[in-house]
Amino acid sequence: MEEKIKATFDLQQKYKFELRKTNAKTRISKLKKLKEALESAEEEIYTALEIDLRKSRFETAVTELFFTYAEIDHAIKNLNKWMTPVSVGRTVSNLFAGNKIYYEPKGVCLIIAPWNYPFQLIMSPLISAIAAGNCVILKPSELSSATANVINTIISQTFDNNEIACFEGDASVSTALLELPFDHIFFTGSTAIGKVVMQAAAKNLTSVTLELGGKSPAIVDNSADLKKAAEKIAWGKLVNAGQTCIAPDYVLIDEKHETEFVSYFKTSAEKMFYNDGKIDKQVFGKIINEKQFQRLDGLIKTAVEDGAKLSWGGKTNLEDLTIEPTILISVTAENTIMQEEIFGPILPIITYANLQDAVDFVNAKDKPLALYIFSNNSGNQDKIIKETSSGGTCVNDVLVHISNPNLPFGGVNSSGMGSCHGIFGFKNFSHERAIVFQSKLGMTNMIYPPYKEKMDLLKWLKKIL
């Protein structure tokens with residue numbers, strides 16, 4: 001496998017110089033070809049995601065397939081504009097020059113995808129990489145093996161290896177890939193593995209984009225519409241069985257409204273994910289594997305041992321890897337469940353006496369990938385936004401910021417670095433190259449030596465520079 005990986009990498013290293021010459025028309029044709037291939041393989045994609053995560057056809061369509069189609073269409077529509085060199089202002093040193101920014105492809109890029117949205121989270125960066133004119137090697141997660149196999153088949157049938165290639169396999173494949181001097185690495189996954197990727201990239205001075213995660217809070221203040229907040233948080237927390245990097249990880253709520261919120265959350269969850277009082281497995285997904293199941297089951301038990309109370313749910317079934325929606329109350333910052341990203345259908349609820357306490361609670365932790373604010377008080381909204389930091393934020397909703405390609409999506413510090421989607425993804429896989437077209441009237445010779453007779457010039461330069 002290592003020899004095959006190295007051979008493919010060498011092919012792409014040679015071919016990247018051809019790809020960098022391509023114009024928007026050529027790249028758009030590649031994006032259209034990709035979309036056609038995906039449309040032809042839709043049934044295989046639906047089946048694979050049902051096998052890997054028990055995703056319903058509707059959920060796969062909305063969160064994986066249609067999301068990807070929208071990304072492709074957006075890139076096709078805007079690529080001519082994105083690729084056009086941007087003219088910028090002049091300075092004294094190049095007063096008569098033309099000053100532009102050119103977007104050139106970074107070269108050979110590696111995309112390592114996770115298992116939770118195994119189709120969308122590999123296709124989205126691939127679309128940006130193609131739009132920017134790069135060669136790409138894809139590494140889908142081995143934990144979602146059915147989807148990885150479908151992706152490999154699609155890519156191998158649609159593109160030549162010297163342009164886009166896919167390698168399936170376990171962590172040893174990722175390790176072999178990370179040894180190579182890629183021009184850019186795009187990684188989506190846990191913070192712990194993100195650090196490993198960054199260390200490997202540093203050996204070759206490779207630029208990286210890291211889409212990580214963290215404990216994304218939802219703050220509900222005393223002006224919020226509790227019924228709507230509970231419904232939105234229930235959907236955002238429980239879609240894909242909670243295995244979403246921007247899912248609300250925990251709720252901070254005014255202590256006077258905890259009981260009412262729990263009641264609304266339970267009602268909303270039952271309406272969406274239950275049928276005749278039983279979890280609807282046609283709608284509610286499964287945990288990816290036994291290891292993650294045991295981790296989540298252990299989190300619930302340990303949280304209760306640490307003093308939390310099981311308010312609702314908590315039923316588990318190892319046979320079909322189902323953990324039903326679970327609410328924990330009386331949770332404190334010291335509780336074990338608050339020390340790691342949950343990544344499952346378990347919602348801790350923490351109460352606060354005043355809004356500043358909630359802000360301080362968020363700021364005491366690492367910066368999250370997302371932060372959700374439920375409030376009808378503009379002053380409170382503004383306070384939370386200004387006094388906290390997160391990769392992205394929604395006010396009175398959850399998850400939806402990822403769906404707008406006109407917004408950057410990415411983390412900050414421990415929740416990631418770099419942005420993707422739309423023009424932000426295009427720029428992420430591009431080098432912004434500064435170009436100066438100097439005119440015959442260039443004035444830079446004013447600062448050439450000898451300097452003895454030019455000392456008076458310094459006073460003038462200080463004023464105008």
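Residues take their numbers from the sequence shown, with the count starting at 1.
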Checklist entry - Would you find a donor on one side and an acceptor on the other, under 3.5 Å apart, between the side chain of Q120 and the backbone of T63? => result yes

Checklist entry - Looking at F167, does the NZ or CZ of K4 lie under 6.0 angstrom from its six-membered ring centre and within 45 degrees of the ring axis? => result no

Checklist entry - Can you tell me if T26 and N23 form a side-chain donor-acceptor pair at under 3.5 Å? => result yes

Item to check | Closest heavy-atom pair and its distance - P140, C166 | outcome: CD-SG, 3.6 Å

Checklist entry - Within a radius of less than 6.0 Å around CD of E104, do more than 12 heavy atoms belonging to other residues, nucleotides or ligands occur? => result yes

Checklist entry - Does atom CD of E59 have more than 12 heavy-atom neighbours from other groups under 6.0 Å away? => result yes

Checklist entry - Regarding T393 and H401, is there a side-chain donor-to-acceptor distance under 3.5 Å anywhere? => result no

Checklist outcome for this item: CD of E258 to CD1 of I350, rounded to nearest 0.5 Å, is 10.0 Å

Next on the checklist: Quick test of your reading of the model: are K6 and D10 salt-bridged, counting only N-O distances below 4.0 Å?
Outcome noted: yes

Next on the checklist: Working note: R295 + E290, criterion salt bridge (charged side-chain N to carboxylate O under 4.0 Å, His left out); need CA distance, chi angles, decisive distance, verdict.
Outcome noted: CA-CA 8 Å; R295 182 186 67 84; E290 185 176 339; over 6 Å; no

Next on the checklist: If you apply the rule side chain to side chain donor-acceptor pair (under 3.5 Å), what do you find for N152 with E168, and how did you get there?
Outcome noted: CA-CA 7 Å; N152 194 359; E168 296 180 72; 2.8 Å; yes

Item to check | Steps toward side chain to side chain contact (heavy atoms under 4.5 Å, CB included) verdict (H74, N406) | outcome: CA-CA 9 Å; H74 184 76; N406 296 300; 3.6 Å; yes

Next on the checklist: Salt bridge check, D366 against K215: does any charged N sit closer than 4.0 Å to a carboxylate O?
Outcome noted: no

Checklist entry - If we only count heavy atoms from C-beta on, is the I233 to F261 side-chain gap below 4.5 Å? => result yes

Checklist entry - Would you say the side-chain atoms of T244 and Y117 include a donor-acceptor pair closer than 3.5 Å? => result yes

Checklist entry - Hey, are S207 and K106 close enough side-chain-wise for a donor-acceptor pair under 3.5 Å? => result yes

Checklist outcome for this item: Note: I337 and P348 closest approach over all heavy atoms is CG2-CG, 4.1 Å

Checklist entry - Are K281 and D320 ion-paired here, with the side-chain N under 4.0 Å from a carboxylate O? => result yes

Item to check | D249 side-chain N/O to I342 backbone N/O, donor-acceptor pair under 3.5 Å | outcome: yes

Item to check | Heavy-atom side-chain contact between I346 and I300 under 4.5 Å | outcome: yes

Checklist entry - With no hydrogens and no angle check, do the side chains of D306 and T336 hold a donor and an acceptor under 3.5 Å apart? => result yes

Checklist entry - Where do Y250 and V331 land on the side chain to side chain contact (heavy atoms under 4.5 Å, CB included) test, with the steps shown first? => result CA-CA 10 Å; Y250 63 97; V331 179; over 6 Å; no

Item to check | Residues N377 and S223: side-chain donor-acceptor under 3.5 angstrom | outcome: no

Next on the checklist: Pair T206, N204 - check side chain to side chain donor-acceptor pair (under 3.5 Å), show working.
Outcome noted: CA-CA 5 Å; T206 298; N204 297 305; 4.8 Å; no

Checklist outcome for this item: Interatomic distance, CD1@I193 vs OG@S190, rounded to 0.5 Å, equals 4.5 Å

Checklist entry - Taking everything shown except K227 itself, do over 12 heavy atoms lie less than 6.0 Å from its NZ? => result no

Checklist entry - Below 6.0 angstrom between ring centroids: does that apply to H421 and F67? => result yes

Item to check | Donor-acceptor under 3.5 Å (N428 side chain, C420 main chain) | outcome: no

Checklist entry - Which is it for Y372 and W235 under the ring-ring contact (aromatic ring centres under 6.0 Å, His included) test, yes or no, and what are the steps along the way? => result CA-CA 13 Å; Y372 303 112; W235 170 72; 9.9 Å; no

Checklist entry - Is the shortest heavy-atom distance from the side chain of L347 to the side chain of W312 under 4.5 Å? => result no

Checklist entry - Counting only heavy atoms not in Q282, do more than 12 fall under 6.0 Å of its CD? => result no

Checklist entry - About how many Å separate CD of E324 and NZ of K278, when rounded to the nearest 0.5 Å? => result 10.5 Å

Checklist entry - Should H257 and V220 count as side-chain neighbours, where that means a heavy-atom distance under 4.5 Å? => result no

Checklist outcome for this item: Between the NZ atom in K55 and the CD atom in E64, the distance rounded to the nearest 0.5 Å is 3.5 Å

Next on the checklist: Rounded at 0.5 Å granularity, tell me how far NZ in K30 sits from CG in L126.
Outcome noted: 11.5 Å

Item to check | K33 atom NZ, over 12 foreign heavy atoms within 6.0 Å | outcome: yes

Checklist outcome for this item: Between F429 and the options F182, W82, Y103, F186, the ring-ring contact (aromatic ring centres under 6.0 Å, His included) test singles out F186

Checklist entry - Looking at R20 and R27, what are the two nearest heavy atoms and their distance? => result O-NH2, 4.0 Å

Next on the checklist: When you measure from the side chain of S124 to the backbone of L121, do you find a donor-acceptor pair of N or O atoms at a distance under 3.5 Å?
Outcome noted: no

Item to check | Side-chain donor/acceptor of K35 to backbone N/O of Y69, under 3.5 Å | outcome: no

Checklist entry - Taking the side chain as C-beta and beyond, is there a heavy-atom pair between C135 and Y15 under 4.5 Å? => result yes

Next on the checklist: Could you go through M198 and F187, starting from their C-alpha distance and side-chain angles, then the distance that decides it, and tell me whether this counts as side chain to side chain contact (heavy atoms under 4.5 Å, CB included)?
Outcome noted: CA-CA 9 Å; M198 196 168 182; F187 170 80; over 6 Å; no

Next on the checklist: Could you walk me through whether D221 and I373 satisfy the side chain to side chain contact (heavy atoms under 4.5 Å, CB included) test, starting with their C-alpha distance in whole Å, then the side-chain angles of each, then the deciding distance to 0.1 Å, before giving a yes or no?
Outcome noted: CA-CA 8 Å; D221 79 358; I373 302 167; over 6 Å; no

Item to check | Presence of salt bridge, K16 and D183, under 4.0 angstrom | outcome: yes

Next on the checklist: Treating T147 as the side-chain partner and I45 as the backbone partner, does any N or O pair qualify as donor plus acceptor under 3.5 Å?
Outcome noted: no

Checklist entry - How many angstroms lie between NZ in K77 and CG in L31, if you round to the nearest 0.5 Å? => result 15.5 Å

Next on the checklist: Do K291 and Q294 pair up side chain to side chain, a donor and an acceptor below 3.5 Å, judged on atom types alone?
Outcome noted: no

